[in-house]
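One structure is given below, encoded as structure tokens.
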There are 2 protein chains.
Amino acid sequence: MYDVENSIGFLLSKGYQRAWALLREEIEQYELTPPQFALLAFLWREDGLTQTELSETGQIDRTTLGGLIDRLEKSGLVERRPHPRDRRAYQIHLTARGRELEGPLSECATRTLARLTNGLTETEVSELRRMLIILRGERTVYDFPAC
Amino acid sequence: MYDVENSIGFLLSKGYQRAWALLREEIEQYELTPPQFALLAFLWREDGLTQTELSETGQIDRTTLGGLIDRLEKSGLVERRPHPRDRRAYQIHLTARGRELEGPLSECATRTLARLTNGLTETEVSELRRMLIILRGERTVYDFPAC
DNA sequence: TCAACATTGACAGCATACTGACTATCTGTA
DNA sequence: TACAGATAGTCAGTATGCTGTCAATGTTGA
């Protein structure tokens, strides 16, 4: 009999839901969602990318990203600026307010990680991270046809 | 600087997305989504639960579950029957077709797991499972007030 | 140069996930 | 019995994530 409850997929979904709920709780006062936080975090690292570039580096679906940016723009944390050499594209820039949040939000994320991984040792967390990267990965195997 | 890309939460979300995509691919011919598959899998184990009971054992939000059942009912895989002693409640039962799918869909799930964990050894998969259960868990710690 | 093709971002449509509010019903207690 | 509070399920609203389609714009090759 198939054991859903202990299947990796099911456990990933529940783990993800818990991670989401904890982070949501920590950043609630900023009226942000976890994906919005993640997008800001990518922008703290590199500002001014186009939506397509952001979609690739952040591994966020192109159309999902559009909506995320809409909402962050409405909250005044990012802005779309016309691309200087490509009239189809926008460059996404943090506003001053969006940059300011790096400190406080990073602390929220640190607290979230601590709560999430409460039952694991540091070594286990590293192991988990390593395995999740492998799980997601395999791009080198599947993305390119043998050539 | 906060490193989103290697944060457990971000990796969980991407791992989950990959698990979803792979399973989606395997069960595509049955026109089911991964959550619909999971719900069926819980019903293969125990049939006739109410929505609230299913919501608890399956750890699926009450309102989300309602929609899932709507769609599975429309597909002819489950049916709502009035509860014999509680006029507010339904008992959710598999149809013959819903029961028939246990074999083929379990095989799809097995193939998905194999593809998903391609880069990990069996020992690592067990470790991962154990850690994900801990991640999600902690019910004994948080859910009950000290009493 | 111009036509074929590719790319950028928007939009509609669907499923999941959650919140909060609501109706119908049940339960426990005075 | 009657009423207060709890519970079952629905609905509206919002955000994410994905597919498919489209218009506008870029790019490339004959």
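Quick note on labels: first sequence line is chain A, next is B, and so on, each numbered from 1.
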Around atom [atom1] of [X], are there more than 12 heavy atoms from other residues, nucleotides or ligands closer than 6.0 Å?
X: B/Gln29; atom1: CD; result: yes
X: A/Tyr90; atom1: OH; result: no
X: B/Glu122; atom1: CD; result: no

Separation of [X] atom [atom1] from [N] atom [atom2], in whole Å?
X: B/Arg71; N: C/dG13; atom1: CZ; atom2: P; value: 17 Å
X: A/Leu22; N: C/dC18; atom1: CG; atom2: P; value: 12 Å
X: B/Glu31; N: C/dC14; atom1: CD; atom2: P; value: 14 Å
X: A/Trp20; N: C/dA17; atom1: CH2; atom2: P; value: 11 Å
X: A/Phe10; N: C/dT16; atom1: CZ; atom2: C1'; value: 14 Å
X: B/Phe37; N: C/dT16; atom1: CZ; atom2: C1'; value: 17 Å

### Query
Hey, is the main chain of B/Asp3 close enough, under 3.5 Å, to the side chain of A/Trp44 for a donor-acceptor pair?
no
### Query
Counting only N and O atoms by type, is there a donor-acceptor contact under 3.5 Å from the side chain of B/Ser55 to the main-chain atoms of B/Ile60?
yes
What is the nucleic acid contact for [X], judged by heavy atoms within less than 4.0 Å: base, sugar-phosphate only, or nothing?
X: B/Ile60; value: nothing
X: B/Thr33; value: sugar-phosphate
X: B/Leu68; value: sugar-phosphate

## Note on the structure
Residue pair B/Asp70/B/Gln17 against DNA chain D: nearer the 5' end by closest nucleotide is B/Asp70
### Summary
Residue pair A/Thr64/A/Arg85 against DNA chain D: nearer the 5' end by closest nucleotide is A/Thr64
### Message
Testing the 3.5 Å rule here: is there a donor-acceptor pair between the side chains of B/Arg80 and B/Gln91?
### Response
no
#### Entry: Verdict with supporting geometry, B/Phe37 and A/Phe10, ring pair (Phe, Tyr, Trp, His ring centres under 6.0 Å)
CA-CA 10 Å; B/Phe37 164 81; A/Phe10 181 77; over 10 Å; no
### Query
At under 4.0 Å, does any side-chain N or O of B/Tyr16 touch on OP1 or OP2 of C/dT16?
no
### Task
Could you list where the contact with chain A starts and ends along DNA chain D, reading 5' to 3', using a 4.0 Å heavy-atom cut-off?
D/dA15 to D/dG26
#### Entry: A/Arg62 vs A/Leu65 side-chain heavy atoms within contact, under 4.5 Å
no
Atom pairs, N/O to N/O, protein against nucleotides 3-8 of chain C, distance under 3.5 Å?
unit_1 : atom_1 : unit_2  : atom_2 : d
C/dT7  : O2     : A/Arg88 : NH1    : 2.3

### Task
In plain terms, say whether B/Arg129 and B/Glu127 are close enough for a salt bridge, that is, a side-chain N and a carboxylate O under 4.0 Å apart.
no
